[in-house]
Number of protein chains: 2
Amino acid sequence: MKQPAATSKSESRIRTERQARILKAAETVFARRGFNGARLMEIAAEAGLPKANLLYYFRSKEDIYRAVCQDILETWLGALGDISAADKPDDALRKYIEAKMDLSLKRPNASRVFAMEIISGAPVIGDYLARDLKDWVDKQAGVFRIWQERGEMAEVSPPHVLFLIWAATQTYADFSTQITAVLGCEKISRNEYKKAVDTVTGVVLRGLGTR
Amino acid sequence: MKQPAATSKSESRIRTERQARILKAAETVFARRGFNGARLMEIAAEAGLPKANLLYYFRSKEDIYRAVCQDILETWLGALGDISAADKPDDALRKYIEAKMDLSLKRPNASRVFAMEIISGAPVIGDYLARDLKDWVDKQAGVFRIWQERGEMAEVSPPHVLFLIWAATQTYADFSTQITAVLGCEKISRNEYKKAVDTVTGVVLRGLGTR
DNA sequence: GTCTATACAACGATAGAC
DNA sequence: GTCTATCGTTGTATAGAC
C-alpha cells in the first residue's frame, strides 16, 4: 500500500511527526528556490530524512507544496484576529500592524512561499483568496467605513488601506535581502526591526488620521 | 562560431532586434514561471522564434535571465529621477510615488521578475543592491533628514520610508492576483488604479506630515 | 543565419529488497 | 516502516545539415 491508513496509535504518531518535519523543511526550501527550483533531495536533506521517505508520506512534490500552502493559510487566519467597529481605530490598527510584522519576522519563509505563489498567479490558493480572504476584507472594509462615518478615520478606500498595510509589513520578510543590502548589514537587527515597526505604524496611523 | 561578431550593419540590426524580442518574451515567461519554471520552449514560442535561435543569440538560459535583470535595473534607474533637498517635499514625494506606481503598472512583469529574484536571495542582482541602490538610498535619506530638520517632514527613519513606498507601489504589480481576487474583478480597472494612487499618496503624505 | 535531431544530465517517481 | 536501485521523462545545450 502506498498511503497506508494508520493502524495503531504509535504509527500515527510517527507519521504526524515525520510529516510535520517534512513540511517545515519544505517551507524553507520552497522559500529559497520556488516550487520549480525546489528539489526533493534538498528537502529531504533539510528534514534529515532519506529522500524516498518524502514520497512515502506524500503522494508527490505538488502534494507537499499544497500541504505547505494550507499550513500557511491556517496559521495566518488563526494569528490575525478580526477588527471590530467597537474597537478604537488607533489601538486596533496598531495591534494588527504589530501582529502582522511579528508574523512576517517569525515565519519569513512562510511569507516568501506565499508571495511567490501569488506572483505566479496563485494556482494553488487562488480559490482561498477569492472566497475566504475576500469575505474577510469585505467585513473589515465595513468596519473602516463605520469609523469613517464617525470621523475617526480619513476618507480613503478601505481595501486599499489593507493592501498598503500588508505590503508594508510583508516586505520585511519577502524583501529582507534588499533591505539588508541597502542598510549594509548582515541581518535585520532587533533595533532596526523596532525602527521598521515605528515607521510603518507611525506613517500609517498618522496617514489615516486615527490619532 | 557560436557568438559571431557582427560583420555588417544589417547583421547587427537583425541581431539587436532579435535579442530585444527574446528579452521581452523572457521577461513575461520568467514573471509567470520563475527562473526554474521557465522553459526555453515557452520563451521561444512567446517570442515567435525557433527555440534553437535563443541559444544562438544567448549562451545559456542563465545568460538570458541576467540580461533581463540588467534591462530591468537600467529602466528603473532611468525612470525614477532623484529627489533634491531644494524640492518641496509634498510635490517631490507625490511625483515619486506616481512614477513608481506608473512603472509598476506599465511593466508589471519586470516588477515580478525583480521581486522573485529578491525573494530568492538576489543571486544575480545582489551586488547592484549593495552598491548602486545603497548609494541612492543613502543620498535620498540625507535629503529626508534635511527636510526633517526644517520641520517639513515627520521624524521617521528615512530608509524605512522608502521601503514603505516601494512596498506599497510594487504590490499593485506583484500581487495583482491577490488584489483582483479580493476586489472580485478580472483586472485592476482604471478607476481602481486611481483609488490605489490616491490611497497610497494620501496615507503616505499625510503620514509624513508634508502637507 | 535557421532549424532538426540528438546527446547528456537531472529529477520525480516507483519497484522491490530488507 | 526504511532505503537502494533504477526507470522514464523532461529540458538544456550542442552538433551539424541546409
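Just so we're on the same page: letters track the sequence lines, and every chain starts at 1.
- Separating the CD1 atom of A:Ile64 from the P atom of C:dG12 is a distance of 9 Å, rounded to the nearest angstrom.
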Close N/O contacts between protein and nucleotides 10-12 of chain D (under 3.5 Å):
unit_1	atom_1	unit_2	atom_2	d
D:dG11	OP1	B:Arg39	NE	3.3
D:dG11	O5'	B:Arg39	NE	3.2
D:dT12	OP1	B:Ala38	O	3.3
D:dT12	OP1	B:Leu40	N	3.4
D:dT12	OP2	B:Leu40	N	3.4

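- Listed by first and then second residue, the side chain to side chain donor-acceptor pair (under 3.5 Å) pairs involving residues 117-128 of chain B are B:Tyr65-B:Glu117 (not counting sequence neighbours).
- When the salt bridge (charged side-chain N to carboxylate O under 4.0 Å, His left out) test is applied to B:Arg32, the partners found at least two apart in sequence or on another chain are B:Glu42, B:Glu46.
- Between the C1' atom of C:dG1 and the CG atom of B:Asn53 lies a distance of 8 Å, rounded to the nearest Å.
- Checking the phosphate oxygens (OP1, OP2) of C:dG1, a side-chain nitrogen or oxygen of B:Tyr56 falls inside 4.0 Å.
- Under the ring-ring contact (aromatic ring centres under 6.0 Å, His included) criterion, the residue pairs touching residues 103-125 of chain A are A:Trp76-A:Phe114, with sequence neighbours excluded.
- The listed nucleotides are D:dC3, C:dT2, D:dG1; the one nearest the side chain of A:Ala52 is D:dC3.
- Between B:Asp135 and B:Arg131 there is no salt bridge, since no side-chain nitrogen of the basic residue lies less than 4.0 Å from a carboxylate oxygen of the acidic one.
- B:Asp63 meets the salt bridge (charged side-chain N to carboxylate O under 4.0 Å, His left out) test with B:Arg66; sequence neighbours excluded.
- Under the ring-ring contact (aromatic ring centres under 6.0 Å, His included) criterion, B:Phe163 pairs with B:His160, B:Trp166, not counting sequence neighbours.
- The separation between A:Leu54 atom CG and C:dC11 atom C1' is 14 Å, rounded to whole Å.
- In this structure, A:Asp63 atom CG and C:dT14 atom P are separated by 11 Å, rounded to whole Å.
- Distances shorter than 4.0 Å separate some side-chain N or O of B:Arg18 from OP1 or OP2 on C:dT2.
- Not a single donor-acceptor pair under 3.5 Å links the side chain of A:Thr171 to the backbone N or O of A:Ala167.
- Distance, A:Arg59 CZ to C:dT14 P: 10 Å, rounded to whole Å.
- In this structure, A:Phe58 places its CZ atom 14 Å from P of D:dG1, rounding to the nearest Å.
- Rounding to whole angstrom units, CD of residue B:Glu17 and C1' of C:dG1 are separated by 14 Å.
- Comparing the local axis fitted to the first five base pairs of the helix from C:dG1-D:dC18 to C:dC18-D:dG1 with the one fitted to its last five gives a bend of 0°, rounded to 10°.
- Residues that satisfy the side-chain contact (heavy atoms from CB on, under 4.5 Å) test with B:Asp71, not counting sequence neighbours, are B:Glu27, B:Thr75, B:Arg107.
- Listed by chain and residue number, nothing satisfies the salt bridge (charged side-chain N to carboxylate O under 4.0 Å, His left out) test with A:Lys100 (two or more places apart in sequence, or in another chain).
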